[in-house]
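Reminder, nothing fancy here: chain letters follow the sequence lines and each chain counts from 1.
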Amino acid sequence: MTNFTPVSAAIGGLLIGLSAVLLMLFTGRIAGISGIFGGLIKPQTSDRGWRMAFIVGLIAAPSIAAVGGYPVPMPQVPGSYITIIVGGFLVGFGARLGTGCTSGHGICGIARLSPRSIAATSVFTVAAIVVVALSRHVFGG
Amino acid sequence: MPIFASFVCGLVFGCGLTVSSMIQPAKVLGFLDVFGIRSGAWDPSLAVVMAAGLAVASIGYALVRRRSPLFEKESLWPTKKDIDQSLLFGALLFGVGWGLVGLCPGPAVANLATLSLPVIIFVIAMALGMLAHDLWPARAAVRAADNLKILKCPPSNTSITPAAQ
C-alpha cells in the first residue's frame, strides 16, 4: 500500500459529504454529478441555472487550488483514445440508465440507506474491479 | 441565491475531489486494483474517501431531512424503491466504463479545469452516452413516469418527504 493517503482522503471525503448535505439544505437537490450534468445537457430542461452553477463551482475548485499553489497534476488518463471514448460513453449511458453514479448512488444514496443505491454501488464497484483486474493482470495493462 | 448556493456546493465538492486526489484516475484505479494487493499496488484511499463522505452525508441528511430547503420551495428526495433491471444493467455498464478509464462524472468534469485533451474527449463521449440514453424514446417514457412521482409531492413550506420512505 505504497500510495495510501488516509488523511487527505478523509478530509476530501468530508468535503464531498459536506457538499451533498449543503446542496440538500440549500436547494433540496441530490448531489449526483451524473444527474446534475445529465440534466444540464438534456435538450428540454427547465432548471439549468443551479446545475450550471454547481458545475462551474466543480471546475473552479481545482483551478483555484492550482492558482493557490496546491498541487493539481495533469490527470493521467490510461488507454488509447478508443478506450477513453468507449469508457466515457459507457459511464454516461450507464449512469443515466442506472439513475446515478459514484456520487449519486455511492454517497447520497447510501447515506439515505437506499437499497437501490446499495445495489447499484455494489454492482458498479465489482464491475470496475473486474475490468481493472483483467486489464492489469490478465491482458497485461 | 439558489444559484450562488449551488456554486458554493460545487466548489466544496471539487475541493474534496482535489484534496483527496480522487480527481486523479490513477488514485481511483489504485483502489480498484484489488488484485494488486500482492505487489503493494493496492491503494485503499478511495474507501476512506467514501467512508468519510458517508459519515458526513448520512448524519447531515438525517438532520436536514425534515426541513424544507433554504432557497427552494421543495426538496426532491428520490422515491423509486424497486431494484429493477435498468438499475442493475446501468450500474454494470457504468462500472465497466469506470474501470476502463478510472474517471466518473465528478472527476471528469472537474478535470476540465486542466484542459487535458483525453479528459475533454472523455467528457464529450460521456455526454453523448447520456444523451443517447435520455433521447431514446422508450427510456424517455419511463423517466417521464418517474418524474411524475416526484412532482406529486405537494409544495408547501414544511418538509417534503413521501410517506413511503
Straight-line distance of [X] [atom1] to [Y] [atom2], nearest 0.5 Å:
| X | Y | atom1 | atom2 | answer |
| --- | --- | --- | --- | --- |
| B:I23 | A:L58 | CD1 | CG | 7.5 Å |
| A:S117 | B:L87 | OG | CG | 7.5 Å |
| B:Q24 | A:M74 | CD | CE | 10.0 Å |
| A:R29 | B:S75 | CZ | OG | 8.0 Å |
| A:I59 | B:L11 | CD1 | CG | 11.5 Å |
| A:M24 | B:L63 | CE | CG | 13.0 Å |

Hey, does [Y] have a side-chain heavy atom less than 4.5 Å from the side chain of [X]?
| X | Y | result |
| --- | --- | --- |
| B:N111 | A:P62 | no |
| B:L76 | A:I30 | no |
| B:M130 | A:F37 | yes |
| B:I121 | A:Y81 | yes |
| B:T114 | A:P75 | yes |
| A:R112 | B:S58 | no |
| A:I33 | B:F13 | yes |
| B:C9 | A:F54 | yes |

| said: Using the side-chain contact (heavy atoms from CB on, under 4.5 Å) criterion, which residues pair with A:L40? Sequence neighbours excluded. | reply: A:R48, A:R51, A:M52, A:I55
| message | I'd like to check the side-chain contact (heavy atoms from CB on, under 4.5 Å) partners of B:S39; sequence neighbours left out, ordered by chain and number. | response | B:A41
Please identify, among [options], the residue contributing the most non-hydrogen atom pairs under 4.5 Å to chain B.
| options | answer |
| --- | --- |
| A:P78, A:S63, A:G38 | A:P78 |
| A:A61, A:A53, A:A127 | A:A53 |
| A:S34, A:S103, A:G104 | A:S34 |
| A:A128, A:G109, A:P115 | A:A128 |
| A:G17, A:G57, A:A20, A:G49 | A:G57 |
| A:A65, A:A66, A:A10, A:G79 | A:A10 |

| message | Hydrogens and angles aside, do B:K80 and A:S114 bring a side-chain donor and acceptor to less than 3.5 Å of each other? | response | no
Could you have a look at [options] and say which one has the most heavy-atom pairs with chain A under 4.5 angstrom?
| options | value |
| --- | --- |
| B:G97, B:A55, B:G14, B:C104 | B:G97 |
| B:A62, B:C15, B:A47 | B:C15 |
| B:A127, B:S21, B:G30 | B:A127 |
| B:V34, B:L131, B:I124, B:V28 | B:L131 |

Where do [X] and [Y] come nearest, in terms of heavy atoms and distance?
| X | Y | result |
| --- | --- | --- |
| B:M50 | A:T102 | CE-O, 4.4 Å |
| A:T27 | B:S6 | CG2-OG, 3.6 Å |
| B:W98 | A:V91 | N-CG2, 3.6 Å |
| B:D84 | A:R116 | OD1-NH1, 3.5 Å |
| B:G99 | A:V131 | C-CG1, 3.6 Å |
| B:V101 | A:G87 | CG2-CA, 4.1 Å |

Is it the case that one hydrophobic cluster holds both [X] and [Y], taking links as side-chain heavy atoms less than 4.5 Å apart, direct or via other members?
| X | Y | result |
| --- | --- | --- |
| B:L115 | A:I84 | no |
| A:I82 | B:F122 | yes |
| A:L113 | B:V56 | no |
| B:I3 | B:V8 | no |
| A:V56 | A:V67 | no |

| field | Option among A:F124, A:F93, A:F89 that satisfies the ring-ring contact (aromatic ring centres under 6.0 Å, His included) test with B:F94 | value |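 Exactly one option meets the ring-ring contact (aromatic ring centres under 6.0 Å, His included) with B:F94, and it is A:F124.
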| Region of A:F26 in contact with chain B, defined by heavy-atom distances below 4.5 Å |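 Both parts, backbone and side chain.
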| Per-residue contact mode, A:A120 against chain B (heavy atom under 4.5 angstrom) |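 Contact with chain B: backbone and side chain both.
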| said: With a 6.0 Å cut-off (strictly less than), is the heavy-atom count around CZ of B:F4, excluding the residue itself, greater than 12? | reply: no
| Around B:F71, counting heavy atoms of other residues, nucleotides and ligands shown, do more than 12 lie under 6.0 Å from its CZ? | yes
| query | Are B:F35 and A:V132 close enough, and set up right, to give a side-chain contact (heavy atoms from CB on, under 4.5 Å), and what steps lead you there? | reply | CA-CA 9 Å; B:F35 293 93; A:V132 171; over 6 Å; no
| Side-chain donor or acceptor of B:S45 paired with backbone N/O of A:T5 under 3.5 Å | yes
